[in-house]
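First the proteins, then the strands, lettered A, B, ... as listed; each starts at 1. The shown structure was predicted, so the numbers you read here are calculated from the model rather than taken from an experiment.
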2 protein chains.
Amino acid sequence: MTDKNDLKKAGLKATLPRLKILSILEMAGGHLGADDVFKNLVEAGEDVGLATVYRVLTQFEEAGLLIRHNFEGGRSVYEMNHGHHHDHMLCVKCSKVFEFYDEQIEQRQRDIAKEKGFVIEEHTMHFYGVCVGMKKNGKCSEE
Amino acid sequence: MTDKNDLKKAGLKATLPRLKILSILEMAGGHLGADDVFKNLVEAGEDVGLATVYRVLTQFEEAGLLIRHNFEGGRSVYEMNHGHHHDHMLCVKCSKVFEFYDEQIEQRQRDIAKEKGFVIEEHTMHFYGVCVGMKKNGKCSEE
DNA sequence: GTATATGCAAAACTTTTGCATCCTT
DNA sequence: AAGGATGCAAAAGTTTTGCATATAC
């Protein structure tokens, strides 16, 4: 029932499509595009339209349940918002996304913004490269 | 003739569309989308197709003449590659893009990657927020 | 002259929107 | 019952591609 309450708290009706999409995102843990979510729904035999997926993802993002990213490559991906900011490393070989957080950089980012008089609302940092697993033995570090 | 040679050096024929597009990007200095480049061409009375703009921008990127960014919001923007890496601050009020560079962060980024065994090929850092001009007097800091 | 580049139109993708119908509250 | 949510289809935006023609070298 947690999911249901999450939705209520966000001011959204607990409809079937919304619950399903939320559960898919939680299950996946990772970073999914709208089409990935849609594919999951279809595979699960759910009768949910792609348009609804987009609408729901947008609503979830506005409600703060999700975070949307635009990695290099165009299409958007979503991940659950677990409250703690983090940055991303994307492996160009295995396409996996790794998260990290570094307080030293966060602090320096705040200082830089202050110096320039820029008021940061959000910030992103992405590394694109090869993860340790793919580098060492051609096997993804995560599977 | 510099442009012409730039293209030759990059292994690209110095065609009229390519020279025009290169000059537009240099002129603009800033960050243009494919459609912006196309609009510039039309306004200049040049008879260049949008498809060519995309093809040329892709080739320029592959040749290292340009850098392509995917800022939040979807469409790609391009800027000349002047060789020195920098990060970006995007003002959500005036839509201007400001560049900055901080060696302290760059160093820390290298350290983090090393710690994790991640081999960085590229990296980006974006701040989204309000620039000092828009904050202070509702006027962009740059015009 | 030959291979490459271009313009146009059509296609592929991703995301958004209009509208009648359905579902949650 | 009433308003918001959904599915479908159509549209809008961006980027890619096929192909005949034009252009650079």
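At a threshold of 4.0 Å, the pair A:Glu115-A:Arg108 counts as salt-bridged, since one of the basic side-chain nitrogens sits closer than that to a carboxylate oxygen.
Within the 4.0 Å cut-off from OP1 or OP2 of C:dA5, at least one side-chain nitrogen or oxygen of B:Arg18 is found. Distances shown here put every side-chain N or O of B:Ser76 at or beyond 4.0 Å from the OP1 or OP2 atom of D:dT14. Remark: A:Tyr54 is not in phosphate contact with C:dT16, judged by side-chain N or O atoms under 4.0 Å from OP1 or OP2. Dashed line: the shortest gap from a side-chain N or O of B:Thr15 to OP1 or OP2 of D:dT23 is not under 4.0 Å.
Each of A:Val53 and B:Ala51 has a nearest nucleotide on DNA chain D; the 5'-most of these lies closest to A:Val53.
Between A:Glu62 atom CD and D:dG4 atom P there is a gap of 15 Å when expressed in whole angstrom units. Between A:Lys8 atom NZ and C:dT24 atom C1' the separation is 9 Å, expressed in whole Å. We find that CG of A:Leu50 is positioned 12 Å from C1' of D:dA9, with the value rounded to whole Å. The nearest whole Å value for the distance from the CG atom in B:Leu7 to the C1' atom in D:dT23 is 15 Å. The NZ atom of A:Lys20 sits 16 Å away from the P atom of C:dC23 (whole-angstrom rounding). For the pair B:Leu57 CG and D:dT16 P, the computed distance is 10 Å after rounding to whole Å. Straight-line distance from the CG atom of A:Leu16 to the P atom of D:dG4: 20 Å, rounded to whole Å. Taking atom NZ on A:Lys13 and atom P on D:dT6, their separation rounds to 9 Å, with Å as the unit.
One N or O donor and one acceptor, one from the side chain of B:Arg55 and one from the base of D:dG18, sit under 3.5 Å apart.
No hydrogens or angles considered: nothing links the side chains of A:Glu99 and A:His84 as a donor-acceptor pair under 3.5 Å. Side chains of A:His85 and A:Glu122: no donor on one and acceptor on the other come within 3.5 Å.
Relative ring orientation between B:His69 and B:Phe71 is described as parallel, the plane-to-plane angle staying below 30° on a 0-90° scale split at 30° and 60°.
Outside the 6.0 Å centre-distance limit, the rings of B:Phe98 and B:Phe127 are not counted as a close aromatic pair.
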